[in-house]
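Shown next, in structure tokens, is the structure this report addresses.
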Amino acid sequence: MEYSPSEIEPKWRKWWQENRTYQVSNEGTKPKFYILSMFPYPSGAGLHVGHPLGYIANDIVARYKRLKGFNVLNPMGYDSFGLPAEQYAIQTGIHPQIATGQNIDRYREQLDNIGLSFDWSREVRTSDPAYYRWTQWIFIQIFNHYYDLDADKALPISNLVSVFALQGNAGVKAVCDDETPVFTAAEWNARSEREQQLLLLHYRLTYPGEAYVNWCAELGSVLSNDEVKDGVSERGGYPVERKLMQQWNMRITAYADRLLAGLNEVDWPESIKDQQRNWIGRSVGASVRFAVQDHTDTNIEVFTTRVDTIYGVTFMVLAPEHELVNKLTTDAQRGEIQSYIRWAAGRSEVERMTEGKKVTGAFTGAYAINPFNDMPVPIYIADYVLAGYGTRAVMGVPSGDQRDWNFAKYFNLNITPILDAQQNMDLAADPTKEGRYINSGLIDGLTYAEAAPVLIEWLENKRIGKGKTQYKLRNAIFSRQRYWGEPVPAYWKDGVPYMIAEKDLPLVLPNVDKYLPTQTGEPPLARAQGWRYSPEGSTQTFEYELSTMPGWAGSSWYFYRYMDVHNKQAFVGPEALAYWKAVDLYIGGAEHAVGHLLYSRFWNHFLYDIGKVPEREFAKKLVNQGMIQGRSSFVYRAKERFFEQYLWIKVLQPFFAENGPIAIAEPGFEEQYKYDFAFGNNDLVIEVTSWKQTEKIEHIRRTAVADGKRLLILSTEELTEAINEPETTAEKIRQALVSRKEFIENEAKPKAEQLFVSHNLIHKYDDDALTKLHTDVNFVDGDVLDVERVRNIRQFEHANFKLDTNGKFTCSHEVEKMSKSKYNVVNPDDMVTQYGADCFRMYEMFLGPVEVSKPWDTKGITGVSGFLRKFWGLFGRNQGGLSIAEDAPNKEELRILHTCIKKVTDDVDRFSMNTCVSHFMIATNELRRLNCSKRTVLEPLVIMIMPFAPHIAEELWHLLGHDTTVCDATWPNWNEDYLKTDSVNYPIQINGKLRATIDLPSDTTAADAESAALALEQVQKWLEGKSPKKVVFVPGRMINIVV
RNA sequence: GCGGGAAUGGCGGAAUGGUAGACGCGUUGGUCUCAAACACCAAUAACUUCACGGUUGUGCGAGUUCGAGUCUCGCUUCCCGCACCA
């Protein structure tokens, strides 16, 4: 009887499907368990071995819980709206729905291939109109509600309308925009329908409004903050700029405190909770209004967390975008301010970040009055004050804040110490709160804890400020100028948005001729011919909202749809909801920490408020699976020209960084040019490149010139020449660098030659070396290839290497994220073909803890493969077939079995799948040694291994004579009595160090153990005749003798 | 800078405060074989010893304890996230 996974695995997968083994019903007497993995975006690349890690762990728990007697909901679906399908459509003209469908089929095939127990009858696809009608429905509900601060929940907007008609909005405590006008009932009633609707937009939980957004021109769309990384788009890495646009917003800020508080109710990883807390960014402080000298009608509001430092204020800074800047600027300063604003606006996010803490700013000529001491302080603008946070104005306290201190030093402003414990103000700021206040009027002599309440009370009495809590969290931009997303179910009438009737849902995505924005810059949906809305009873038609929803819309509630996927009356029916309630265990990647997981919580809180879901938090427990990384093969260009240039640059760079306002770009630096060229005040660039004709160079040239920098471009050819002929080098670089001749001749050149000694040096610069290339060919580390070998690598076929005939390349590996473009993807199908799905599943678990990221490495898989064969062998040691003994187990066999039951049960419960696999291996090895083939021992093992290796378990289960699925078996219990052994091998420590061991009966008393231990020769030797001070005996564990 | 996490053999990784290195890979030796592969058996932290044994060992330094990889305090390094947030 041979173990042949390729025969038994497909057989049982088919059988499970035919028998609907994994279909689950929404009722029953069993307790429920809802386990969920984050659904994937079905990309064109298919699954790689990293994806199933979480799914397999998920599957093990799902199957385990089922054996433990739970009714388990274990669904799967697809987050099938998204940008890649749309970009693919733009390139190929293939409708995203078709491409997405194909991708889904492929995903399904791959998922099925590893034997996951999903109930596919509950599959959801976010791009399916039957699904997104409910995404649209939820959107409409959000539109129709506002956040009431008295009730501390969302309430219907119609309530607000009634209140406005009776008493205006002065007494209403609701979350609204800062610029919401105050009106009386009479004023409200006198307004037109249109005007009333416009006012209501200030309150609705979703609303269109002008906002600075992250605009990505290359993608033709707005991105949310979490879709922007390091100033470029997360997807594609395109530049992102700030732009004022009309967009739908979600008033998530209304829920900031509840989203913060809710984190305390869920069992989620601390790092995820912290990321969310950080994103919400609650800070408690005070707002203070400063009057402005010579502008009696104006004041500036600042927010501070250190109101206690208010007597130390010596200047004020506004964001360049602050609305008062123009008004306050004096004529004398106008030129300077305007040029600063222009400069700041042209600075990209990347530049701002790269330049770090460099002080910039400009004086407006105006002065603000500190309300506490009536001192005038100069008003500056600077772009370190963010336009998007707080009041866009800060008070400068150089004695207490290092950044303010730097600013004051730079602009030569006063620094007033305010605490008696403060250190020398000439050296640095002192942000500590120690000591008692000085120079501080009202609070002189008080401590930090005493000061703030005094100041806030004074402010509130004077009505020029108050205690205030501020959040970093901003309302979420909800519009995307895309095609492949849920249409926003709104239409426009007289410039006011209305929701379409619920009976007209779903608002189906129309067909368009092209998936690009129109010539006039409108979203692709503007291309849909005759796509207009005609409300019931109206003869008119109106233009639909043309933007679509963001990727996170459909994923913010999908966990409810699984409960009741075919319901046509509601997004989830009340019975299904009452049964399943919420997700018991949610598994997914940590990369969704603030995106999906925060938005989902927000929608869930809203749905809870309107009584549509029973729990405030949708997922009680969350586990993050780690990432499985790939091993990328690299070919490094070594030696010869590129390397020489590279070394030259390495040698020159530090020198110039120290001495001159000069930056040097390296060859092949396309990816990093934005960073390399954010060089602040530098005035000269030497650029080394072989692609000076490209657009990017032009861009850099323009940037440099606009910044008033001189730019010199050396091509690679020129530099190579220069290196080959020292005189030319010196000459060329002398021209560029004026007085750097000595350095070039005497230091750089000799150093460069020293560095030449070993080409292994290049590995030192791996990270900076821009000469490494991903390959799909696996070379041994350290291999040196010649040009011909490299040309034979497929993806380099057409690459234009400027190498001499004796040019060499070295090879190496690095661990990176798995990605098609890095040629390091391992397909699970290949693993399944070679070793079987059971082996693949167990091996993924065996690699280490599920939560930990680790590189994929196939080396150890033979161990798991061998184990499965041995396990199989327990059932049929004879060639003939199954050979199972029916006699009763002996003590040793029972001990092995029950130890295994106990350990595996404990370990699945604590999500430690890797150690479970070890326990199976141990039990199998021991039973083999005993030649055990008894049904009473092996059958429970078959049940236990089912969650890990379902195919082999099902096969053996049937071979053992069962004809229903092993999935419906019962998880075995262990008996503590069987775990005991007759004797225990006790370690004997002397002063905590292991010196001997002794076998004692398991029921030995402390006194017996002590005398037995002391009787040992080895122990006596270590006692050296002394009598022990103390003997510690831990039954079943150890003996420690203290001398 | 702030927050979270990690550090254990050649490698992946085990260890409710109780014999550190389970389990697997790799390596070495052996059995089987004409041979190889597979399989099986044995050894495998380092140093030292013919051997018995001994010494040192969980990033570093202290501490608590009969006993610390595990707990406490102080560092170092690495990874992840956030970051001019007032």
Side-chain angles (χ1 to χ4, degrees), chain A residues 229 269-279 281-283 285 302-307 309 316-317 319 352-353 355-360 382-386 388-397 400-404 406-407 431 470-474 590-591 593-594 624 626-627 842-843 846-849 851-855 857-867 869-870 873 903 906-907 912 914-922 924-925 928 985-997 1018 1021 1028-1034 1036-1043:
Chain A
K229 290 270 181 302
E270 207 48 46
S271 66
I272 298 284
K273 292 195 198 180
D274 269 334
Q275 282 181 59
Q276 294 211 351
R277 288 187 189 113
N278 193 305
W279 190 260
R282 185 175 196 258
S283 51
V302 300
F303 175 75
T304 176
T305 53
R306 290 290 305 275
V307 68
T309 64
M316 175 165 295
V317 188
R352 283 173 63 144
M353 287 192 311
E355 287 170 41
K357 309 268 185 262
K358 193 158 52 77
V359 177
T360 66
D383 69 351
Y384 82 82
V385 178
L386 304 177
Y389 180 73
T391 59
R392 296 179 294 279
V394 303
M395 57 188 218
V397 185
D401 181 282
Q402 189 57 42
R403 193 188 43 208
D404 290 349
N406 294 346
F407 196 86
Q470 185 90 31
Y471 299 91
K472 269 194 271 184
L473 183 72
R474 289 180 239 168
E591 66 272 21
V594 289
N624 287 129
M627 207 161 9
M842 284 195 113
Y843 182 58
F846 191 57
L847 277 176
E851 297 89 337
V852 175
S853 291
K854 54 236 157 194
D857 185 355
T858 328
K859 264 199 318 223
I861 200 167
T862 53
V864 176
S865 176
F867 153 73
R869 241 177 293 120
K870 285 182 207 170
K903 294 210 162 187
D906 285 350
D907 284 358
S912 173
N914 54 330
T915 50
C916 289
V917 179
S918 303
H919 301 319
F920 285 124
M921 288 172 167
I922 293 167
T924 302
N925 288 340
R928 252 165 75 87
N985 182 245
Y986 278 97
I988 300 173
Q989 298 178 347
I990 291 165
N991 289 336
K993 282 193 191 254
L994 179 71
R995 294 302 182 194
T997 61
Q1018 303 101 298
K1021 190 177 94 187
K1029 282 193 194 129
K1030 182 177 173 184
V1031 176
V1032 180
F1033 175 69
V1034 184
R1037 277 290 174 195
M1038 47 66 69
I1039 301 163
N1040 190 13
I1041 299 167
V1042 187
V1043 183

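Throughout, a chain's letter reflects where its sequence line sits, starting with A, and its residues are numbered from 1.
Rounding to whole angstrom units, CD of residue Glu591(A) and P of C80(B) are separated by 14 Å. Remark: P of G4(B) and CD of Gln276(A) are 16 Å apart, rounded to the nearest angstrom. At whole-Å resolution of the value, OH in Tyr471(A) and C1' in A86(B) are 17 Å apart. For the pair Ile272(A) CD1 and G3(B) C1', the interatomic distance rounds to 13 Å; values are reported in whole Å. Per the geometry, CD belonging to Gln402(A) stands 12 Å off P belonging to G1(B), to the nearest Å. Regarding Leu386(A), its CG atom lies at a distance of 6 Å from the P atom of C84(B), rounded to whole Å. Atoms CG (Asn624(A)) and C1' (G4(B)) sit 12 Å apart, rounded to a whole Å. Whole-Å rounding puts the Lys472(A) NZ to G81(B) P distance at 16 Å.
Base pairing analysis places A51(B) opposite nothing; no Watson-Crick or G-U wobble pair with both distances below 3.5 Å involves it. The partner of A42(B) is U28(B), judged by Watson-Crick or G-U wobble contacts that both fall below 3.5 Å.
A sub-4.0 Å separation between OP1 or OP2 of A86(B) and a side-chain N or O of Tyr384(A) is absent. The phosphate of C38(B) has neither OP1 nor OP2 within less than 4.0 Å of any side-chain N or O from Arg869(A). Using a 4.0 Å cut-off, some side-chain N or O of Arg403(A) falls inside it from OP1 or OP2 of C85(B). Of the side-chain N and O atoms in Lys993(A), one or more sit less than 4.0 angstrom from OP1 or OP2 of U56(B). The side chain of Arg277(A) places no N or O atom within less than 4.0 Å of a non-bridging phosphate oxygen (OP1 or OP2) of C82(B).
In this structure, Tyr986(A) has its ring center under 6.0 Å from that of Phe1033(A).
We find that Asp906(A) and Lys903(A) are not joined by a salt bridge, their nearest charged nitrogen and carboxylate oxygen being 4.0 Å or further apart.
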Subject >> Per-nucleotide protein contact string for nucleotides 13-26 of chain B, where B marks a base within reach and S marks sugar-phosphate only (heavy atoms under 4.0 Å, - for neither) >> reply: SSSB-BB--BBSS-
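Using a 4.0 Å heavy-atom criterion, one finds that Lys273(A) contacts no nucleic acid atom at all. Here Arg282(A) lies out of heavy-atom contact (under 4.0 Å) with every strand. Nucleic acid contact for Arg995(A): sugar-phosphate only, since backbone atoms but no base atoms lie under 4.0 Å from a heavy atom of the residue.
Listed nucleotides G3(B), A86(B), C82(B) differ in distance to Asp274(A); the shortest reach to its side chain belongs to G3(B).
A glycosidic torsion no more than 90° from 0 defines the syn conformation; G13(B) lies beyond that range and is anti.
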